[in-house]
Amino acid sequence: MLLATWNINSIRARVDRAVAFLERTGVDVLALQETKVKDQAFPREPFEALGYEVVTHGYSQWNGVAVLSRVGVADVERGFPGQPTWGDPGVAEARALGVTCGGVRVWSLYVPNGREVGDPHYTYKLDWLAALRDAAQGWLATDPRAQVAMVGDWNVAPLDTDVWDVGWFAGRTHVTPAERDAFTAFAHAGYTEVSRVHLPAERTFTYWDYQQLRFPRDEGMRIDLTYASPALAARVTGARIERDERKGKQPSDHVPVVLEIAEP
DNA sequence: ATGACACGCGTTGCGTGA
């Protein structure tokens, strides 16, 4: 099975790219983030015509996640148990969608950005990651053999070599010890970040800002990552980053990450 | 060229992203 994750930065702006990507790669399950569309306006038909079932979770022009699957969809959960809310009154934002596809519990995740250190959004980000870790730990406690893939845009660069210039990031979000600790906590709970197992090279980026010629200069970040449960991690046989998706007309600022998963 | 931000909403700017 091929499982991919892609922060597409508006599905309506890039539906043709997504269709072409599925046709070209034959990915079985595609988890999307930043779809930026309400469920009723999601462009389902082009994907259904290709044989994919479409599960969406979007409230507005902000955030939004989805899962496209041609190996079945079951047990849809919009938001994870204990997911923190944002705003007053508090709202559980459309940042997490759980769908079981071909026997794998896929979570499409769009972790809050955090904006700036000390901003309420930053605290929200840390709380959100801690709550997700608690939920993920619970899934393994319930079933140590669970097949779980938490894929998406984590908005954390775990290593200094996951950003183009760690000096530029000094004092900014994505690289702070608190964010990295919140990310590493999933490993302590028994999960493995499986993309790095197969793509260990430094400066292997998945995101390049639209500004300042970041892509031509290869000044990017590695923030699109996958935590797999032990039973699923043992089945991951490869990973690749679809870097060419950053080229051409109207690209997303993120590219897809594809995982190869062997049959159990 | 991989090339100098882009999205949706709503209206000619604003909030957001990282």
Side-chain angles (χ1 to χ4, degrees), chain A residues 5-18 20-21 32-43 56-66 86-88 91 93-96 108-126 128-129 152-180 182-183 203-225 240-257:
Chain A
T5 182
W6 193 4
N7 179 323
I8 198 161
N9 186 20
S10 171
I11 185 61
R12 285 178 289 178
R14 270 173 271 286
V15 61
D16 292 345
R17 266 190 181 260
F21 170 75
L32 296 167
Q33 302 87 37
E34 280 210 270
T35 51
K36 292 185 171 178
V37 65
K38 295 180 177 71
D39 290 340
Q40 59 268 34
F42 193 100
T56 63
H57 182 34
Y59 292 138
S60 70
Q61 73 268 42
W62 311 124
N63 315 311
V65 285
W86 175 256
D88 184 18
V91 175
E93 296 184 304
R95 296 179 175 275
S108 181
L109 303 171
Y110 179 44
V111 176
N113 169 284
R115 297 194 183 178
E116 295 178 14
V117 176
D119 190 290
H121 287 84
Y122 179 77
T123 306
Y124 172 53
K125 176 182 193 173
L126 296 177
W128 203 95
L129 284 167
D153 177 358
W154 290 77
N155 271 319
V156 177
L159 305 178
D160 284 354
T161 49
D162 292 333
V163 296
W164 59 277
D165 179 0
V166 72
W168 189 90
F169 280 90
R172 299 178 193 260
T173 59
H174 294 64
V175 300
T176 65
E179 290 166 279
R180 287 176 170 172
F183 184 80
R203 298 179 60 87
T204 298
F205 302 137
T206 63
Y207 161 88
W208 299 261
D209 198 293
Y210 288 119
Q211 302 184 60
Q212 306 293 325
L213 289 172
R214 292 292 187 225
F215 184 56
R217 291 174 173 159
D218 197 27
E219 295 175 345
M221 305 173 72
R222 185 175 196 165
I223 54 178
D224 298 277
L225 303 158
R240 65 177 187 272
I241 291 170
E242 295 278 342
R243 194 176 182 283
D244 285 355
E245 283 293 346
R246 189 61 178 79
K247 302 178 182 178
K249 288 187 176 181
Q250 289 190 295
S252 171
D253 41 4
H254 298 249
V255 294
V257 181

Who are the side-chain contact (heavy atoms from CB on, under 4.5 Å) partners of [X], not counting sequence neighbours?
X	answer
R214(A)	W164(A), W168(A), W208(A), D209(A), Q212(A), E219(A)
A13(A)	S10(A)
R14(A)	I8(A), N9(A), R17(A), Y210(A), Q250(A), S252(A)

Notebook entry, point to check: Of all residues at least two apart in sequence or in a different chain, which pass the side-chain hydrogen bond (donor to acceptor under 3.5 Å, both in side chains) check with R240(A)?
Noted result: E242(A)

Margin query: Run the side-chain hydrogen bond (donor to acceptor under 3.5 Å, both in side chains) test against D224(A) and tell me which residues pass, sequence neighbours left out.
Written below: T206(A), H254(A)

Interface residues of [range] with DNA chain B (non-hydrogen, below 4.0 angstrom):
range	answer
residues 117-126 of chain A	none
residues 162-170 of chain A	none
residues 210-224 of chain A	Y210(A), Q211(A), Q212(A), L213(A), F215(A), P216(A), M221(A)

Note to self: R95(A) and side chain to side chain contact (heavy atoms under 4.5 Å, CB included): which single residue from V111(A), L109(A), N63(A), D153(A) fits?
What the structure shows: N63(A)

Note to self: Test your reading of the model: is there a side-chain donor-acceptor pair from R12(A) to the backbone of K36(A), 3.5 Å cut-off?
What the structure shows: yes

Check: Are the side chain of R203(A) and the backbone N or O of G220(A) linked by a donor-acceptor pair below 3.5 Å?
Finding: no

Item checked: Beyond-backbone contact of Y207(A) with V255(A), side-chain heavy atoms, under 4.5 angstrom -> no

Item checked: 4.5 Å side-chain heavy-atom contact, Q33(A) and S108(A) -> yes

[atom1] spacing across the pair [N] / [M], given as an integer number of angstrom:
N	M	atom1	value
dT2(B)	dA6(B)	P	16 Å
dC5(B)	dA18(B)	C1'	12 Å
dT11(B)	dC7(B)	C1'	16 Å
dG15(B)	dG10(B)	P	14 Å

Please work out if [X] contacts a base, only the sugar-phosphate, or nothing of the nucleic acid, heavy-atom cut-off 4.0 Å.
X	result
R115(A)	sugar-phosphate
W62(A)	base
D244(A)	nothing
D153(A)	sugar-phosphate

Check: Hey, where on DNA chain B does chain A first and last touch, going 5' to 3'? Cut-off is any atom under 4.0 Å from a heavy atom.
Finding: dT2(B) to dA18(B)

Margin query: Taking ring-ring contact (aromatic ring centres under 6.0 Å, His included) as the definition, give me every residue that meets it alongside W62(A), ordered by chain and number, with sequence neighbours left out.
Written below: none

Checklist line | For D253(A), all residues meeting salt bridge (Lys or Arg N to Asp or Glu O under 4.0 Å), sequence neighbours excluded | finding: none

Next item on the list: Name all pairs fulfilling the salt bridge (charged side-chain N to carboxylate O under 4.0 Å, His left out) condition that reach into residues 158-179 of chain A, sequence neighbours left out, sorted by first residue then second.
Entry: K125(A)-E179(A), D160(A)-R180(A), D162(A)-R196(A)

Note to self: Pick the closest DNA chain B nucleotide for A13(A) and for G114(A) by heavy atoms, then say which residue is nearer the 5' end.
What the structure shows: A13(A)

Next item on the list: Hey, which sits more toward the 5' end of DNA chain B by its nearest nucleotide, R14(A) or Y110(A)?
Entry: R14(A)

Check: Could you state the interatomic distance from CD (E93(A)) to CH2 (W86(A)), rounded to the nearest 0.5 Å?
Finding: 8.0 Å

